[in-house]
Amino acid sequence: MKFVDEYRDREKAEQYARAIRTEATRPWSIMEVCGGQTHTIVKYAIDEILRDKITLLHGPGCPVCVTPLELIDKACEIATRPDVIFCSYGDMLRVPGSHTDLFTVKARGGDVRIVYSPMNALELAKANPTKQVVFFAVGFETTAPANAMAVFQAKQQGISNFSVLVSHVLVPPAIEAVLSAPDNRTQAFLAAGHVCTVMGYEEYRPLSEKYRVPIVVTGFEPLDILQGVLMCVRQLENGRAEVENQYARSVREFGNVPAQDLIGQVFRVIPRKWRGVGEIPQSGFGLAAEFAEYDAELRFGVADLTVEEDRECIAGEVLRGVKKPQECPAFGGRCTPDHPLGATMVSNEGACAAYYQYRRHEAKAAVGSER
């Protein structure tokens, strides 16, 4: 297949769905790791099509959603300073911190700018030598190479008014946290294809072997998802637990080695707190000692800032596949994209946002029928 429409072919999708129903002799629970996959599943009702045999659980693979509350507060604190140009991707601006968000900071006069890459922020630093330019470096392994390159070039070019607020998280430790949780009900994983384009999939093999769980690297179109589910079902039905690659058109076993080398130069693996989940050991990137001068937390003295999570928002349970968004009492009422309680309702990859966009009328109808 060459064109995106071919990956959305209805007839082929029905063929995959029939194969899954035929080959699954009992119900199985499969988690898609990436929020982009969640949106495809909900938009095309793949979970509804397979619901008699497969429960699709939504995982922690939305970088905006898992950015911890205290880092949003740190971003807001830095962005209020008069000598700062704070740069971020657009979907981070409305993620609520403990008392405000970047959009509000901007409305009140903070110089908060939306950029499309960290290199845009680096160019801003060159063009504004009297200002401190800070880039909010969020994301999984997918965005780490570009952020590493920006820091690397800043050091090479001697640009001293540029820094990054790092909130990088890693997929394999998150999968292990899900599998080792006492309330885990995931029996197989669809691993995020774009992460594996960078990192490959070798690092998933120890997890698959340790927990006896199938992991299938999967793309983002409907046929990708359905084929990935079918590959998981075949492993589960045959008692196999292996790492397989559905997304072979983009992913190679060892990934992008030059990108990994650059990540290894600029970052080091550290424990990282995940919003709604808590701290996961060795689950994030922080700047390596040689690049500590570009660490915005150190430069602006906000490294020690900590806050408590909002107890009303159940985003943590949604991100671990324990609950679905409609199971939250606040869903579609006190929590909407215009007035979000948590990041899962804000982000373009958030599970709550997906259900609000494609399923909120069904949820309201269900509530109405119960009255």
Side-chain angles (χ1 to χ4, degrees), residues 63-64 66-68 70-75 77-78 84-89 92 115 117-126 132-177 192 194-204 206 254-275 279-306:
V64 174
V66 301
T67 299
E70 61 200 37
L71 266 168
I72 304 297
D73 281 4
K74 290 175 184 179
E77 159 64 20
I78 294 169
V84 166
I85 300 173
F86 193 91
C87 302
S88 172
Y89 298 127
M92 291 301 300
V115 295
S117 86
M119 301 308 291
N120 293 152
L122 189 59
E123 290 302 315
L124 273 174
K126 293 178 187 176
Q132 288 289 325
V133 176
V134 183
F135 178 69
F136 203 173
V138 304
F140 285 86
E141 295 94 328
T142 323
T143 56
N147 293 336
M149 179 58 77
V151 174
F152 185 81
Q153 289 202 4
K155 189 175 182 69
Q156 278 205 322
Q157 297 172 26
I159 301 171
S160 59
N161 65 324
F162 176 76
S163 59
V164 289
L165 182 61
V166 181
S167 184
H168 272 301
V169 284
L170 309 176
V171 171
I175 289 179
E176 179 146 31
H194 50 9
V195 168
C196 297
T197 61
V198 176
M199 304 304 291
Y201 51 86
E202 270 295 296
E203 59 185 350
Y204 293 99
F254 297 102
N256 185 332
V257 175
Q260 294 169 28
D261 290 343
L262 181 61
I263 291 171
Q265 285 186 63
V266 175
F267 294 121
R268 60 190 173 94
V269 177
I270 60 171
R272 179 67 77 181
K273 185 181 284 187
W274 296 53
R275 189 168 191 166
E279 184 170 296
I280 301 176
Q282 303 301 294
S283 68
F285 286 138
L287 286 168
E290 306 93 286
F291 295 90
E293 63 194 286
Y294 296 97
D295 188 334
E297 290 193 55
L298 299 178
R299 183 172 296 189
F300 294 96
V302 297
D304 296 329
L305 193 157
T306 59

> Mind checking what makes side-chain hydrogen bond (donor to acceptor under 3.5 Å, both in side chains) contact with Glu203, not counting sequence neighbours?
Replying inline: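 With sequence neighbours excluded, Glu203 shows a side-chain hydrogen bond (donor to acceptor under 3.5 Å, both in side chains) to no residue whatsoever.
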Where do [X] and [Y] come nearest, in terms of heavy atoms and distance?
X: Phe267; Y: Ala144; value: CE1-O, 3.7 Å
X: Val164; Y: Ala137; value: CB-CB, 4.3 Å
X: Ala303; Y: Leu298; value: CB-CD2, 4.5 Å
X: Val166; Y: Gly286; value: CG1-CA, 4.4 Å
X: Phe254; Y: Val257; value: O-CG2, 3.9 Å
X: Tyr89; Y: Val115; value: CD2-O, 3.3 Å

>> Between Glu293 and Lys155, does any side-chain N to carboxylate O distance fall below 4.0 Å?
In response: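 Salt bridge between Glu293 and Lys155, a charged N being under 4.0 Å from a carboxylate O: yes.
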> Got a salt bridge between Lys273 and Glu70, using NZ or NE/NH1/NH2 to carboxylate O under 4.0 Å?
Replying inline: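 Judged by the 4.0 Å cut-off on N to carboxylate O distance, Lys273 and Glu70 do form a salt bridge.
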Quick one: [atom1] on [X] to [atom2] on [Y], what's the gap to the nearest 0.5 Å?
X: Phe136; Y: Asn147; atom1: CZ; atom2: CG; result: 11.5 Å
X: Asp295; Y: Phe300; atom1: CG; atom2: CZ; result: 10.5 Å
X: Thr142; Y: Met199; atom1: OG1; atom2: CE; result: 10.0 Å
X: Glu77; Y: Ile72; atom1: CD; atom2: CD1; result: 14.0 Å
X: Asp73; Y: Ile78; atom1: CG; atom2: CD1; result: 11.0 Å
X: Asn256; Y: Cys196; atom1: CG; atom2: SG; result: 12.5 Å

Spell out, as yes or no, whether a donor-acceptor pair under 3.5 Å connects the side chain of [X] to the backbone of [Y].
X: His168; Y: Gly284; answer: no
X: Tyr294; Y: Ala154; answer: yes
X: Gln260; Y: Val198; answer: yes
X: Thr67; Y: Pro63; answer: yes
X: Arg272; Y: Phe285; answer: yes

Check: [Y] and [X] side chains under 4.5 Å, non-hydrogen atoms:
X: Asp261; Y: Ile263; answer: no
X: Leu165; Y: Ser163; answer: no
X: Leu170; Y: Phe140; answer: no
X: Ser167; Y: Pro68; answer: yes
X: Asn120; Y: Phe135; answer: no
X: Val134; Y: Val84; answer: yes
X: Met149; Y: Leu262; answer: yes
X: Arg268; Y: Leu287; answer: no

> Going by the salt bridge (charged side-chain N to carboxylate O under 4.0 Å, His left out) test, which pairs reach into residues 297-306, not counting sequence neighbours?
Replying inline: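 Sorted pair list: Lys74-Glu297.
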>> I need the full list of salt bridge (charged side-chain N to carboxylate O under 4.0 Å, His left out) pairs touching residues 133-142, with sequence neighbours left out, sorted by first then second residue.
In response: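 Of all non-adjacent pairs touching residues 133-142, none passes salt bridge (charged side-chain N to carboxylate O under 4.0 Å, His left out).
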> Angle class for the Phe291/Phe152 ring planes (parallel below 30°, perpendicular above 60°, tilted otherwise)?
Replying inline: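 Rings of Phe291 and Phe152: tilted, as their planes differ by 30° to 60°.
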>> Could you go through Met92 and Val64, starting from their C-alpha distance and side-chain angles, then the distance that decides it, and tell me whether this counts as side-chain contact (heavy atoms from CB on, under 4.5 Å)?
In response: CA-CA 7 Å; Met92 291 301 300; Val64 174; 3.5 Å; yes
